[in-house]
Undergrad: 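One structure follows; several queries about it will come next.
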Amino acid sequence: MNSGSLEKSMPNTISIKEARLDSEALSILIVADIDFERFEEFAEPLVRALDCEVRERQWGADRHQWLLNFEGSPLWLNYEFYGDICWIATETKADIEVLAYLVKLIRPLLTAKGSYE
C-alpha cells in the first residue's frame with residue numbers, strides 16, 4: 001500500500017472530548033473515543049495536527065506507546081486499553097511549555113463542550 005492509499009484510508013478528523021494540561025505529571029490528558037485495535041486511525045491524524053514526527057511505535061497486549069518529536073522535543077503518546085486513558089507526556093520539565101503549546105493546537109479538534117487548559 002503506498003502512502004497515498006494510506007492517507008485515503010485514514011480519517012481526516014478525530015474527535016477529542018477533552019484535553020487538559022497536567023503540569024505536575026508533565027502531560028496532556030486526552031479524553032476521546034479510541035478503538036485500541038484501530039489506534040492508528042486516532043493517532044495518525046492527531047500527530048499530523050500537532051505537526052509531530054513519529055520516531056518509534058511500540059504496542060503490547062493493552063498499551064500503545066509512540067515516541068514523537070516536536071521541534072527537537074521528545075514526547076510520548078500513550079494509550080492504555082484497560083484504563084481507557086490517553087496522554088502525551090514529556091520527561092523534561094523544560095518541555096512543559098511545549099505541552100502547553102500543543103494543548104492550544106488540540107483546541108480545534110475538540111468536538112463536544114470539552115475542556116482544555
Side-chain angles (χ1 to χ4, degrees):
M1 177 185 292
N2 66 35
S3 63
S5 298
L6 181 62
E7 287 287 325
K8 291 176 185 174
S9 69
M10 298 269 186
N12 292 329
T13 60
I14 53 177
S15 62
I16 296 176
K17 297 175 184 176
E18 180 181 352
R20 182 174 41 90
L21 179 63
D22 183 338
S23 299
E24 290 182 25
L26 301 175
S27 64
I28 301 169
L29 174 64
I30 298 172
V31 178
D33 291 324
I34 301 171
D35 181 340
F36 182 81
E37 297 298 324
R38 298 169 65 177
F39 178 73
E40 294 81 8
E41 292 181 17
F42 170 80
E44 289 287 350
L46 177 62
V47 168
R48 282 194 304 271
L50 299 178
D51 199 24
C52 290
E53 172 190 9
V54 178
R55 291 294 188 95
E56 183 179 317
R57 298 171 194 226
Q58 301 173 17
W59 62 91
D62 67 344
R63 184 174 184 169
H64 287 277
Q65 184 175 43
W66 290 14
L67 176 60
L68 308 178
N69 176 50
F70 178 78
E71 297 183 2
S73 295
L75 305 169
W76 289 98
L77 171 60
N78 299 278
Y79 176 69
E80 289 187 4
F81 172 74
Y82 291 112
D84 192 24
I85 56 174
C86 182
W87 71 99
I88 299 172
T90 181
E91 296 174 358
T92 309
K93 287 185 180 185
D95 284 334
I96 195 70
E97 292 178 14
V98 170
L99 294 179
Y101 177 74
L102 294 179
V103 167
K104 291 178 185 177
L105 294 181
I106 293 173
R107 286 179 188 169
L109 304 175
L110 296 175
T111 54
K113 287 190 174 184
S115 65
Y116 52 85
E117 288 181 19

Undergrad: Would a hydrophobic clustering, with Ile, Leu, Val, Met, Phe, Trp and Tyr connected at side-chain separations under 4.5 Å, put Tyr82 with Val31?
TA: no
Undergrad: Among all residues two or more places apart in sequence or in another chain, which pass the salt bridge (Lys or Arg N to Asp or Glu O under 4.0 Å) test with Asp33?
TA: Lys17
Undergrad: Between Ile14 and Thr111, which heavy-atom pair has the shortest distance, and what is it?
TA: O-CG2, 4.2 Å
Undergrad: Nearest 0.5 Å, please: how far is CD1 in Ile34 from CZ in Phe42?
TA: 4.0 Å
Undergrad: For Ala32 and Ser15, which heavy atoms make the closest approach, and how far apart are they?
TA: CB-O, 3.4 Å
Undergrad: Could you tell me the separation between the CD1 atom of Ile16 and the CZ atom of Arg107, rounded to the nearest 0.5 Å?
TA: 13.0 Å
Undergrad: For Phe81, give me all partners under ring pair (Phe, Tyr, Trp, His ring centres under 6.0 Å), at least two apart in sequence or on another chain.
TA: Phe36
Undergrad: Using the test salt bridge (Lys or Arg N to Asp or Glu O under 4.0 Å), find all partners of Glu53 that sit at least two apart in sequence or belong to another chain.
TA: Arg55
Undergrad: So, for Trp76 and Asn78, which heavy atoms are closest and what is the spacing to 0.1 Å?
TA: O-ND2, 3.4 Å
Undergrad: Just to verify, what does Ala43 make a side-chain contact (heavy atoms from CB on, under 4.5 Å) with, not counting sequence neighbours?
TA: Phe39, Trp66, Leu77
Undergrad: To the nearest 0.5 angstrom, please state how far the CD1 atom of Ile88 sits from the CZ atom of Phe70.
TA: 10.5 Å
Undergrad: Which salt bridge (Lys or Arg N to Asp or Glu O under 4.0 Å) pairs, counting each pair once, include a residue from residues 22-31, with sequence neighbours left out?
TA: none
Undergrad: Looking at every heavy atom in both Pro74 and Asn69, which two are closest together, and how far apart are they?
TA: N-OD1, 4.5 Å
Undergrad: Any chain of hydrophobic side-chain contacts (each under 4.5 Å) joining Val103 to Leu29?
TA: no
Undergrad: Kindly check if the number of other-residue, nucleotide or ligand heavy atoms within 6.0 Å of CG (Asp51) is above 12?
TA: no
Undergrad: Per the salt bridge (Lys or Arg N to Asp or Glu O under 4.0 Å) rule, what does the pair list look like for residues 79-100, sequence neighbours excluded?
TA: Arg63-Glu80
Undergrad: Say whether, by atom type as modelled, one donor and one acceptor occur between the side chain of Thr90 and the main chain of Thr92 under 3.5 angstrom.
TA: yes
Undergrad: Are Val54 and Trp59 joined in one hydrophobic group, where the rule is that I, L, V, M, F, W and Y side chains link up if heavy atoms are under 4.5 Å apart?
TA: no
Undergrad: So which heavy atom on Ile28 is nearest to which on Ala19, and how close?
TA: CG2-CB, 4.4 Å
Undergrad: If you measure from CG on Leu99 to CG on Leu75, what distance do you get to the nearest 0.5 Å?
TA: 6.0 Å
Undergrad: Can you name the closest pair of heavy atoms from Ser73 and Val98 and give their distance?
TA: OG-CG2, 3.6 Å
Undergrad: Is there a side-chain contact between Leu68 and Leu50, using heavy atoms and a 4.5 Å cut-off?
TA: no
Undergrad: Can you hop from Val47 to Leu102 via hydrophobic side chains spaced under 4.5 Å?
TA: yes
Undergrad: Can you get from Leu26 to Leu21 by hopping between Ile, Leu, Val, Met, Phe, Trp and Tyr side chains that sit under 4.5 Å apart?
TA: yes
